[in-house]
Amino acid sequence: MSRPGLFITFEGIDGAGKSSHIEGLATAFRAQGRAVTVSREPGGTPLAEKLREMVLNDPMDALTESLLIFAARRDHLRNVIEPALARGDVVLCDRFTDATFAYQGAGRGFDLDVLSILERLAQTGLSPEADLMREPDLTVWFDLAPEVAAERLAGARVPDRFEAQPVEFFRRVAQGYADRAAAAPQRFARLDAAQDRHRVWQQLTSVFVRKGWLAIMVASQGGPQ
Ligand SMILES: Nc1ncnc2c1ncn2[C@@H]1O[C@H](COP(=O)(O)OP(=O)(O)OP(=O)(O)O)[C@@H](O)[C@H]1O
Ligand SMILES: Cc1cn([C@H]2C[C@H](O)[C@@H](COP(=O)(O)O)O2)c(=O)[nH]c1=O
């Protein structure tokens, strides 16, 4: 009998360390016989990647930004996430809707009620259960002080529109993530992302072992060196 799909998202402020661990986790799942789809937001389809380029680079107001992000998300859900979950894949997605509440909501100060309406519109009617609003089964939150994230990113790459924001913006985004985690504690797993890569990897795999989604052996394998 095929196993049900799992939708797992990774969140945190820019530079928190999410991307450093997602491929390692995909390898761990594959080693245990699971098919894995790795993706990201905004992005993940040709259309959504075009929208990503605009959102990350072109000046726009917060409503335009939110509409483009949810348009990209719907296309990504329709064409990648829902088909993968229907096949029984583990879907590992670098950011999802919590990022919109944290960045556009808490960071930019955009109306959270409007975001909730857009969320319902964009994430409903795509799975065989018509009324289901697709949400992650688990959200791993890499919690890191904005000052530490800024140090990690300094000089690492050319900053996009978000990475170029001042530290006060990221304090609000970090608070936005804390609020989302407090509102859905059963869905969120918080990691102390200030620890070194190996310890963060250990925290990460422990979450999956505790849930029974990975066997205990992988906690000491793979991951960044
Ligand atoms: N635990 C860690 N300790 C120190 N540096 C780290 C750690 N984890 C990642 N880094 C470094 O910090 C930088 C940001 O890491 P990474 O790209 O994984 O973060 P991210 O959360 O995916 O960021 P973004 O969302 O902006 O793409 C990279 O240069 C990476 O090598
Ligand atoms: C999904 C999503 C993302 N963002 C922002 C957050 C980041 O600054 C960029 C994506 O870059 P990354 O290197 O892939 O992390 O986009 C946002 O503002 N709102 C969202 O919903």
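Counting starts at 1 for both ligands and their atoms, in listed order.
- Listed by atom number, the atoms of ligand 1 under 4.0 Å from Ser19 heavy atoms are 18 (O), 20 (P), 22 (O), 27 (O).
- Ranking protein heavy atoms by distance to atom 11 (C) of ligand 1, first place goes to Arg197 NH2, 3.5 Å.
- Cation-pi check for Arg73 over Phe70 is met; the charged atom lies under 6.0 angstrom from the ring centroid and within 45 degrees of its normal.
- Within ligand 1, counting atoms from 1 as listed, the ones closer than 4.0 Å to a heavy atom of Arg157 are 17 (O), 23 (O), 24 (P), 26 (O), 27 (O).
- Without hydrogens or angle criteria, Arg161 side chain to Leu56 main chain gives no donor-acceptor distance under 3.5 Å.
- Between Gly17 and ligand 1, at least one N/O pair is under 3.5 Å apart.
- Using a 4.0 Å cut-off between charged nitrogen and carboxylate oxygen, Glu163 and Arg157 count as a salt-bridge pair.
- The cationic group of Arg108 does not satisfy the cation-pi geometry with Tyr103, failing either the under 6.0 Å distance to the six-membered ring centre or the 45° limit from the ring axis.
- Phe96 has its ring centre less than 6.0 Å from the ring centre of Phe7.
- Residue Ile69 forms a side chain to side chain contact (heavy atoms under 4.5 Å, CB included) with just one option from Thr97, Val55, Leu115, Thr64, and that option is Val55.
- A parallel orientation is assigned to the rings of His21 and Trp201, their planes being inclined by less than 30° (bins at 30° and 60°).
- Between the choices His21, Arg152, Lys18, Arg40, the shortest heavy-atom distance to atom 25 (O) of ligand 1 belongs to Lys18.
- Arg199 does not count as a contact of ligand 1, since none of its heavy atoms falls under 4.0 Å from the ligand.
- No more than 12 heavy-atom neighbours from other residues, nucleotides or ligands sit within 6.0 angstrom of CZ on Arg199.
- In this structure, Asp196 places its CG atom where more than 12 heavy-atom neighbours from other residues, nucleotides or ligands lie under 6.0 Å away.
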Evaluate side-chain hydrogen bond (donor to acceptor under 3.5 Å, both in side chains) for Asp98 paired with Thr9, printing each intermediate quantity in order. CA-CA 9 Å; Asp98 295 300; Thr9 59; 4.6 Å; no

Dump all N/O pairs between ligand 2 and the protein below 3.5 Å as a table: atom names plus distance, one pair per row.
from: ligand 2; atom 1: 8 (O); to: Asp14; atom 2: OD1; distance (Å): 3.0
from: ligand 2; atom 1: 8 (O); to: Asp14; atom 2: OD2; distance (Å): 2.9
from: ligand 2; atom 1: 14 (O); to: Arg52; atom 2: NH1; distance (Å): 3.3
from: ligand 2; atom 1: 14 (O); to: Arg52; atom 2: NH2; distance (Å): 3.0
from: ligand 2; atom 1: 15 (O); to: Arg95; atom 2: NE; distance (Å): 2.7
from: ligand 2; atom 1: 15 (O); to: Arg95; atom 2: NH2; distance (Å): 3.3
from: ligand 2; atom 1: 18 (O); to: Gln104; atom 2: OE1; distance (Å): 3.4
from: ligand 2; atom 1: 18 (O); to: Gln104; atom 2: NE2; distance (Å): 2.9
from: ligand 2; atom 1: 19 (N); to: Gln104; atom 2: OE1; distance (Å): 2.8
from: ligand 2; atom 1: 21 (O); to: Arg73; atom 2: NH2; distance (Å): 3.3
from: ligand 2; atom 1: 21 (O); to: Thr100; atom 2: N; distance (Å): 3.2
from: ligand 2; atom 1: 21 (O); to: Thr100; atom 2: OG1; distance (Å): 2.6

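- There is a path of hydrophobic side-chain contacts, each under 4.5 Å, that joins Phe142 to Val207.
- For atom 28 (C) of ligand 1, the nearest protein heavy atom lies 4.0 Å away or farther.
- The protein atom (non-hydrogen) at minimum distance from atom 18 (O) of ligand 1 is Ser20 OG, 2.6 Å.
- Where the criterion is an N or O separation shorter than 3.5 Å, residue side chain and backbone included, Arg95 meets it with respect to ligand 1.
- Using a 4.0 Å cut-off between a side-chain N of Lys or Arg and a carboxylate O of Asp or Glu, Arg40 and Glu49 qualify as a salt bridge.
- Looking at ligand 1, you'll find an N or O of Ala16 within less than 3.5 Å of one of its N or O atoms.
- In this structure, Gly15 has a heavy atom closer than 4.0 Å to ligand 1.
- Which parts of ligand 1 touch Glu163 is read off a 4.0 Å heavy-atom cut-off, strictly below it: atoms 26 (O).
- Atom 1 (N) of ligand 1 has as its closest protein heavy atom Gln195 O, 2.9 Å.
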